[in-house]
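Below, each value reflects all heavy atoms present in this structure, side chains not excepted, and no hydrogens, waters or symmetry copies.
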Amino acid sequence: MKSEMKNIYQIDGKVPVLKAVPFGLQHILAMFVANIAPIIIVGGACGLSAEQSAMLIQNAMIIAGIGTLIQLFPVWRIGSGLPIVMGISFTFVSIFCYIGGTYGYPAILGAVLIGGIVEGLLGLFAVYWIKIITPVVSASVVTAIGFSLLSVGASSFGGGSGVEDFGSASNWILGTVTLLACILFHVFARSFWKQLSVLFGLVVGYLAAICMNMVDFSSLAGTAVVALPRIMPFDMEFHAGAVVSVILIFLVSATETIGDTSALASAGLNREATEKEVSGSLACDGFVSALSSLFGCLPITSFSQNVGLVAMTKVVNKFAIATGAAIMILAGIFPIFGALLATLPDAVLGGCTIMMFGTIVVSGFQMIGKCGFTQRNITIVALSLSIGIGFTQVPEIFSIFPQIVQNVFAENCVAVVFLVSILLNLVLPKDMETGTDGGKG
């Protein structure tokens, strides 16, 4: 058994199904609510009915499962072959709320179809441009992703953004109990069991939430047991303004995918991501997003919280994570199962994810260290992070720019860090301090 379970640390190792399922389930529980939340927010802004939103949530779970399987086991050049978990992207929420209010939900789907194809093609032809994404640029982006997620973890810990009892004593207690359960299990468990600390924390937190009457089971009433996904539930519309805006956000999403892929290879496999892996990852992001639009859903992307989970546990086995993708697909086909998973309180998720997000920050620091602390690299990292994180803390600073620029950059530190680090990497002299190339950057 011990020799079998050592394979969870091998990307292609053979792991028994029953032993693999807990690790796959852990990944799905870590991202489940974040996967369906964009549908709920955008659907509400577009005036979709409860039945339409429920149908889209069902489709979103199936698409997330399909996208994850393609990332794990590439189809042609689409997919990275890395243990990347896919889900509905939060990056597009603000622009979709604007497009949906202006043109309606069908315009969102038309823009996603075209934008997904554009990103997919960029991925396939990444060999011609990927060289500008040097290790120091990737390290800066990964660090920015980690910092950008810290507020997400804190928001979940407090009970979820916008809830009436945000930051209440009950949410503090629930988040703290979950976090302590994760830490204690990781400290005292032995062998491979340590790597299930997040799952243990989620279970303990969920049971505590039930005891505290903080789990709402009312959403299970009337939920169908079995339901097949619907293809093309809406007619698509194409508006130039919507398409251009969404394509720009797809470019932002692509930078996050590059960062996630780089972070996963660095933290999980202790090496840099190859051009083929980054290319396949982007192609999967784009083309599966286009497929998602045919199911009436929003774009799909790599999930940083799952990258953090890999960084924390070092579990990179593709089969183990594929069992999680299968669970997502089953959750879509059996809506009652998905509805039950959706009852997991935000404070429980916050207690688990706050550590995972911090792990991404540390992974970024480790990547920066591998690049070398030359004057050139320090300048790129320091300036890109200070502008990217600092400026987006006060989004009003972008008020002089057109609305489309504000939509892309004002509250997205990853996009700003990526742009600044790319520009600095292109313009700064290679021989800033020694008269020769100043490092890997």
Under the side chain to side chain contact (heavy atoms under 4.5 Å, CB included) rule, what do Val278 and Thr274 come out as? Steps first, then yes or no, please.
-> CA-CA 6 Å; Val278 175; Thr274 65; over 6 Å; no

Taking [X] for its side chain and [Y] for its backbone only, find out whether a donor-acceptor pair lies under 3.5 Å.
| X | Y | answer |
| --- | --- | --- |
| Trp129 | Leu122 | yes |
| Gln26 | Gln195 | yes |
| Asn317 | Tyr9 | no |
| Lys318 | Pro83 | no |
| Ser279 | Gly123 | yes |
| Thr143 | Ala139 | yes |
| Ser253 | Ile249 | no |
| Ser168 | Asp165 | yes |
| Gln406 | Phe401 | yes |
| Asn35 | Gly87 | no |

Name the orientation class of the two ring planes belonging to Tyr103 and His239 (parallel below 30°, tilted from 30 to 60°, perpendicular beyond 60°).
->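 Parallel: the ring planes of Tyr103 and His239 meet at under 30°.
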
So Tyr206 and Phe217, would you call those rings parallel, tilted or perpendicular, with 30° and 60° as cut-offs?
->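 Rings of Tyr206 and Phe217: perpendicular, as their planes differ by over 60°.
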
Side chains of [X] and [Y] in contact at under 4.5 Å (non-hydrogen atoms):
| X | Y | value |
| --- | --- | --- |
| Ile258 | Val137 | no |
| Phe23 | Thr323 | no |
| Met236 | Leu294 | yes |
| Leu419 | Phe409 | yes |
| Ile300 | Ser89 | no |
| Ile84 | Met86 | yes |
| Ile78 | Ile70 | yes |
| Val417 | Leu385 | yes |

What pair of heavy atoms forms the shortest contact from [X] to [Y], and how long is it?
| X | Y | result |
| --- | --- | --- |
| Glu277 | Ser80 | O-CB, 3.3 Å |
| Thr91 | Val252 | CG2-CG1, 4.0 Å |
| Ala30 | Leu309 | CB-CD2, 4.5 Å |
| Asn270 | Lys370 | OD1-NZ, 3.3 Å |
| Ser53 | Ile39 | O-CG2, 4.0 Å |
| Ile132 | Asn425 | O-ND2, 3.8 Å |

With rounding to the nearest 0.5 angstrom, report the [atom1] to [atom2] distance, [X] to [Y].
| X | Y | atom1 | atom2 | answer |
| --- | --- | --- | --- | --- |
| Ile88 | Ile63 | CD1 | CD1 | 7.5 Å |
| Arg376 | Ile378 | CZ | CD1 | 12.5 Å |
| Met355 | Cys182 | CE | SG | 6.0 Å |
| Phe157 | Ser151 | CZ | OG | 15.0 Å |
| Asn171 | Asp346 | CG | CG | 8.5 Å |
| Met328 | His27 | CE | NE2 | 13.0 Å |

Within a reach of under 6.0 Å around [atom1] of [X], are more than 12 heavy atoms found that belong to other residues, nucleotides or ligands?
| X | atom1 | result |
| --- | --- | --- |
| Lys194 | NZ | yes |
| Gln52 | CD | yes |
| Tyr98 | OH | no |

For Gln366 and Ser266, test the side chains for any donor-to-acceptor distance below 3.5 angstrom and give the result as yes or no.
->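 No donor-acceptor contact under 3.5 Å links the two side chains.
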
Looking just at side-chain N and O atoms, do Ser281 and Gln71 make a donor-acceptor pair shorter than 3.5 Å?
->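 A pair is found: one side chain offers a donor N or O, the other an acceptor, under 3.5 Å apart.
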
Is the ring centre of Phe234 less than 6.0 Å from the ring centre of Tyr105?
->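 Centroid distance Phe234-Tyr105: below 6.0 Å, so yes.
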
Verify side chain to side chain contact (heavy atoms under 4.5 Å, CB included) between Leu298 and Phe92, making sure each step is shown before the conclusion.
-> CA-CA 8 Å; Leu298 307 182; Phe92 295 81; over 6 Å; no

Salt-bridge criterion met for Glu275 and Lys131 (N-O under 4.0 Å) |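 Yes, this pair counts.
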
Ile8 vs Thr313, side chain to side chain contact (heavy atoms under 4.5 Å, CB included): CA-CA, chis, key distance, verdict = CA-CA 10 Å; Ile8 62 174; Thr313 64; over 6 Å; no

Given side chain to side chain contact (heavy atoms under 4.5 Å, CB included), test Met61 with Phe32 step by step and report yes or no.
-> CA-CA 8 Å; Met61 291 186 286; Phe32 189 85; 3.3 Å; yes

All ring pair (Phe, Tyr, Trp, His ring centres under 6.0 Å) counterparts of Phe303, not counting sequence neighbours =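 In terms of ring pair (Phe, Tyr, Trp, His ring centres under 6.0 Å), with neighbours along the sequence ignored, Phe303 is linked to no residue.
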
Does Ser304 have any side-chain hydrogen bond (donor to acceptor under 3.5 Å, both in side chains) partners at least two apart in sequence or in another chain, and if so, which?
->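 Listed in chain order: Asp260.
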
